[in-house]
J.: 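Quick one: the structure is below, questions incoming.
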There are 4 protein chains.
Amino acid sequence: MDKKSEILQAAIKVFMRENYQNMKTAIIAKEAGVAEGTIYRYFKNKKEIFVEILNYYSKYIPEYLFENIKQKNDFETNLNILIDNYDKLSKEHKNFKKAYYKGLSEIEDERIKNILKFTLEDSFKRLENIFIWANNKKEGNFTKTSIEVITNTLWGLAEVIMKKEILGCEDVMEKDEISKMVKLIIKLK
Amino acid sequence: MDKKSEILQAAIKVFMRENYQNMKTAIIAKEAGVAEGTIYRYFKNKKEIFVEILNYYSKYIPEYLFENIKQKNDFETNLNILIDNYDKLSKEHKNFKKAYYKGLSEIEDERIKNILKFTLEDSFKRLENIFIWANNKKEGNFTKTSIEVITNTLWGLAEVIMKKEILGCEDVMEKDEISKMVKLIIKLK
Amino acid sequence: MDKKSEILQAAIKVFMRENYQNMKTAIIAKEAGVAEGTIYRYFKNKKEIFVEILNYYSKYIPEYLFENIKQKNDFETNLNILIDNYDKLSKEHKNFKKAYYKGLSEIEDERIKNILKFTLEDSFKRLENIFIWANNKKEGNFTKTSIEVITNTLWGLAEVIMKKEILGCEDVMEKDEISKMVKLIIKLK
Amino acid sequence: MDKKSEILQAAIKVFMRENYQNMKTAIIAKEAGVAEGTIYRYFKNKKEIFVEILNYYSKYIPEYLFENIKQKNDFETNLNILIDNYDKLSKEHKNFKKAYYKGLSEIEDERIKNILKFTLEDSFKRLENIFIWANNKKEGNFTKTSIEVITNTLWGLAEVIMKKEILGCEDVMEKDEISKMVKLIIKLK
DNA sequence: AATGAATGAGGTTTCATTCAT
DNA sequence: TATGAATGAAACCTCATTCAT
């Protein structure tokens with residue numbers, strides 16, 4: 001791993017533990033085992049570090065969420081993998097959400113906005129593909145409209161579940177409950 | 001309006017325009033037409049101001065969203081009012097979301113967490129009521145499970161639409177599209 | 001004296017002793033008996049302090065140099081006052097030159113350039129007046145050209161003398177020598 | 001050209017463009033096409049570079065100004081060459097003045113003071129020679145005093161013209177005007 | 001001899017908070 | 001109760017200099 005990544009990983013660690021304002025350059029430097037000045041050889045300023053954290057997750061999350069989801073798989077397999085991935089993601093990587101929420105709260109910055117927008121649209125496209133592939137293989141018969149309904153609904157559901165988990169609500173759904181709901185939702189027309 | 005409210009309103013105005021870090025006490029004081037020191041007669045510190053902004057919206061938003069939704073209305077009327085309210089809210093009050101996202105990004109603060117949690121749970125309860133009332137009036141026949149499915153799905157959809165709007169995505173749904181989707185979703189069992 | 005002036009005077013003191021780079025805000029604050037932050041209530045940044053130092057001298061120096069030189073005085077009196085003033089200035093205020101030279105070395109800054117330019121032109125105008133008044137009173141008969149020659153020559157002489165003094169050259173002229181030279185120069189046509 | 005000279009020339013280039021504070025070692029290194037560390041093989045520290053820049057110009061400027069001025073030339077020829085040289089110098093090498101002014105503003109450094117002092121005295125000596133030679137050849141009859149008057153006046157005039165040019169004043173003298181003034185000045189006694 | 005990544009002291013600047021009036 | 005000038009800790013960032021390679 002090169003030094004820039006080391007610093008970025010240290011910054012992520014600090015960011016997750018503290019928050020943006022408490023993400024002091026001094027602490028990042030200490031965590032990364034470098035001098036403060038070294039940070040500035042790799043990042044123009046502190047904001048840039050945050051942007052790269054966001055960037056990192058913006059690539060990492062969809063990669064993780066859609067891992068192993070492939071055109072050649074049959075529809076149901078892909079669906080099950082998706083639910084599995086989501087379940088693992090929501091359990092193991094709860095913290096990454098903070099980066100998104102922080103990003104969303106600073107949305108007037110065009111670059112941040114674009115990162116978040118791109119990630120969202122990219123994820124929606126990948127999600128839609130699952131249904132388009134199903135159509136192609138005659139495993140499903142989803143109209144353009146129903147795909148829109150289903151993807152938005154599924155994604156929304158995921159947001160809600162995640163938020164409830166983060167907030168420690170009591171009625172968070174378990175994996176098999178989620179699974180049942182997804183089965184219902186894909187019948188929406 | 002008392003002085004504390006004046007300061008809070010000024011703070012909200014500044015927060016919406018800028019963000020938390022740029023919400024300088026000097027600017028709030030100027031906007032509120034008071035001296036900087038005066039702020040500290042009404043708020044212990046700056047964080048307290050943010051907490052109260054969050055509090056304000058935590059009451060305001062559900063109030064707005066569920067305005068005129070009443071037990072005595074029939075089911076369809078309530079649903080239409082809800083969609084109307086949401087549509088207005090998302091158009092007129094886009095900015096309030098920033099406060100939530102900022103709040104979510106500082107979730108390790110127990111008080112902030114509790115405010116957000118309470119609001120979410122409160123809103124879900126109000127949403128569920130619509131379906132429970134429908135059952136009571138024999139206008140619907142929603143099982144406990146289907147109410148859970150429907151409320152989570154609807155709320156999730158709302159989140160997605162709002163996020164897409166904030167990020168300036170192109171495929172944001174219009175009110176009648178949303179309406180159609182809601183009609184579909186309430187059939188989920 | 002108000003606080004801004006106090007800080008400025010402290011800054012001048014430090015600037016004269018050290019130089020621009022060693023004119024640390026911490027030292028200025030200490031010298032002025034205020035906190036570092038206080039400086040920034042009165043000056044936007046450190047450069048601004050230097051600009052105001054330059055501004056201060058840009059007003060102070062011509063004021064000093066042309067003090068008591070008046071239209072009603074006869075020509076010779078004005079000339080003698082000028083030589084006197086110059087002599088005192090060069091003896092008592094040698095240090096102010098550092099500010100000018102520092103200014104000249106940063107001439108790409110438009111504001112600094114303008115301050116220096118204005119001062120120079122202002123001083124030349126005041127110097128020319130002495131000769132114009134003499135004409136008006138029939139005490140002299142200086143053509144436009146000869147006034148130009150004389151003022152430039154006199155001013156240049158002053159610059160040279162000052163520079164030699166600053167550099168500690170041995171052949172610096174004494175007041176009566178200067179006086180004799182001035183008497184010669186005003187005969188230039 | 002050896003490496004030290006390359007670095008020095010690069011430093012001069014940077015210094016003329018920027019100013020001392022913006023004359024970053026990183027930029028000098030880049031401009032010279034060497035590594036930053038290499039600079040420290042040839043110069044003890046950054047100040048040393050500036051001292052050598054001053055040194056360079058302290059030799060270069062008199063060399064340029066008095067080029068082709070020789071004992072064997074007749075008085076008027078030397079005078080014309082001088083005016084020519086000055087004219088070219090002031091047009092082509094305006095920037096070098098910045099180094100002098102910067103030097104003058106840091107005059108408490110003994111080495112810098114001495115460089116500037118030596119240059120000034122050296123130039124005055126060369127200037128005086130022109131008149132001494134004229135005496136020797138019976139082309140003129142300048143007393144010791146009049147030589148002093150004339151050299152100081154001429155030099156001062158040159159300073160004023162240069163300063164007005166640098167500051168962008170409008171009444172800067174053209175070459176033939178200067179020439180006429182010089183003709184007048186050499187008649188001073 | 002040359003490199004250039006790494007250093008870290010120390011500078012400027014910010015701004016929430018205080019407190020004498 | 002209200003003020004707002006003053007505070008000063010602490011943040012970010014710079015850049016001349018070093019030193020292992």
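Reminder, nothing fancy here: chain letters follow the sequence lines and each chain counts from 1.
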J.: Please state how far atom CD1 in D:Ile28 lies from atom C1' in F:dA16, giving the value in whole angstrom units.
T.: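 Taking atom C1' of F:dA16 as the reference, CD1 of D:Ile28 is at 11 Å.
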J.: Rounded to whole Å, how long is the line connecting atom CG of D:Asp2 with atom P of E:dA2?
T.: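 D:Asp2 atom CG is separated from E:dA2 atom P by 11 Å.
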J.: Got a salt bridge between B:Lys30 and B:Glu36, using NZ or NE/NH1/NH2 to carboxylate O under 4.0 Å?
T.: no
J.: So does B:Lys24 pair up with B:Glu18, basic N to acidic O under 4.0 Å?
T.: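 Here B:Lys24 does not pair with B:Glu18 in a salt bridge, since their nearest N and O are not under 4.0 Å apart.
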J.: Under a 4.0 Å N-O cut-off, is there an ion pair linking D:Glu48 with D:Arg111?
T.: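 Salt bridge: yes.
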J.: From CD of B:Glu36 over to C1' of F:dT7, roughly how many Å is that when rounded to an integer?
T.: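 Distance check: B:Glu36 CD to F:dT7 C1' gives 12 Å.
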J.: Which angle, to the nearest 10 degrees, lies between the helix axes at the two ends of the helix from E:dA2-F:dT21 to E:dT21-F:dA2, each defined by five pairs?
T.: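 Here the local axes at opposite ends form an angle of 10°.
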J.: Give a yes/no verdict on a cation-pi contact between A:Lys46 and A:Tyr20, requiring under 6.0 Å between NZ or CZ and the six-membered ring centre and an angle within 45° of the axis.
T.: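 Yes, cation above the ring, under 6.0 Å and within 45°.
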J.: Measuring to OP1 and OP2 of E:dG4, would you say a side-chain N or O of D:Lys30 lies under 4.0 angstrom away?
T.: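 It does not, given that no N or O in the side chain of D:Lys30 lies less than 4.0 Å from OP1 or OP2 of E:dG4.
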J.: Tell me, please, whether D:Tyr42 has D:Lys3 positioned over its six-membered ring: NZ or CZ under 6.0 Å from the ring centre and within 45 degrees of its axis?
T.: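 The answer is no, since D:Lys3 fails at least one limit relative to D:Tyr42.
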J.: Could you state the atom-to-atom distance from CZ of C:Arg41 to P of F:dA5 in whole Å?
T.: 5 Å
J.: What is the distance, to the nearest angstrom, from the CG atom on B:Asn22 to the P atom on E:dA16?
T.: 10 Å
J.: Return whichever of A:Met23 or C:Gly33 has its heavy-atom-nearest nucleotide of DNA chain F closer to the 5' end.
T.: C:Gly33
J.: Does D:Lys3 put a side-chain nitrogen or oxygen below 4.0 Å from OP1 or OP2 of E:dA2?
T.: yes
J.: Taking for each residue the nucleotide of DNA chain E bearing the nearest heavy atom, is the 5' side occupied by C:Lys24 or by D:Gly37?
T.: D:Gly37
J.: Counting distance only, does the side-chain N/O of C:Thr119 pair as donor-acceptor with the main-chain N or O of C:Ile115 below 3.5 Å?
T.: yes
J.: Can a salt bridge be assigned to the pair C:Glu31 and C:Arg17 using a cut-off of 4.0 Å between side-chain N and carboxylate O?
T.: yes
J.: Between atom CD in B:Gln21 and atom P in E:dT14, what is the gap in whole Å?
T.: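 Atom CD in B:Gln21 sits about 15 Å away from atom P in E:dT14.
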J.: When all nucleic acid strands are considered with a 4.0 Å heavy-atom cut-off, which category describes A:Tyr42: base, sugar-phosphate, or nothing?
T.: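 Since only primed, P, OP1 and OP2 atoms lie under 4.0 Å of A:Tyr42, the category is sugar-phosphate.
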J.: By nearest heavy atom, map A:Tyr20 and B:Val34 onto DNA chain F; which one lands nearer the 5' end?
T.: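 Taking each residue's closest nucleotide, the earlier one in sequence belongs to B:Val34.
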J.: What is the distance, rounded to the nearest whole Å, between atom CD1 of A:Ile39 and atom P of F:dC13?
T.: 10 Å
J.: Roughly how many Å is it from NZ in D:Lys46 to C1' in F:dT14, rounded to a whole number?
T.: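 Atom NZ in D:Lys46 sits about 11 Å away from atom C1' in F:dT14.
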J.: On DNA chain E, does the nearest nucleotide to B:Tyr40 precede the nearest nucleotide to C:Thr25 from the 5' side, or the other way round? Give the residue.
T.: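 The residue closer to the strand's 5' end, by nearest nucleotide, is C:Thr25.
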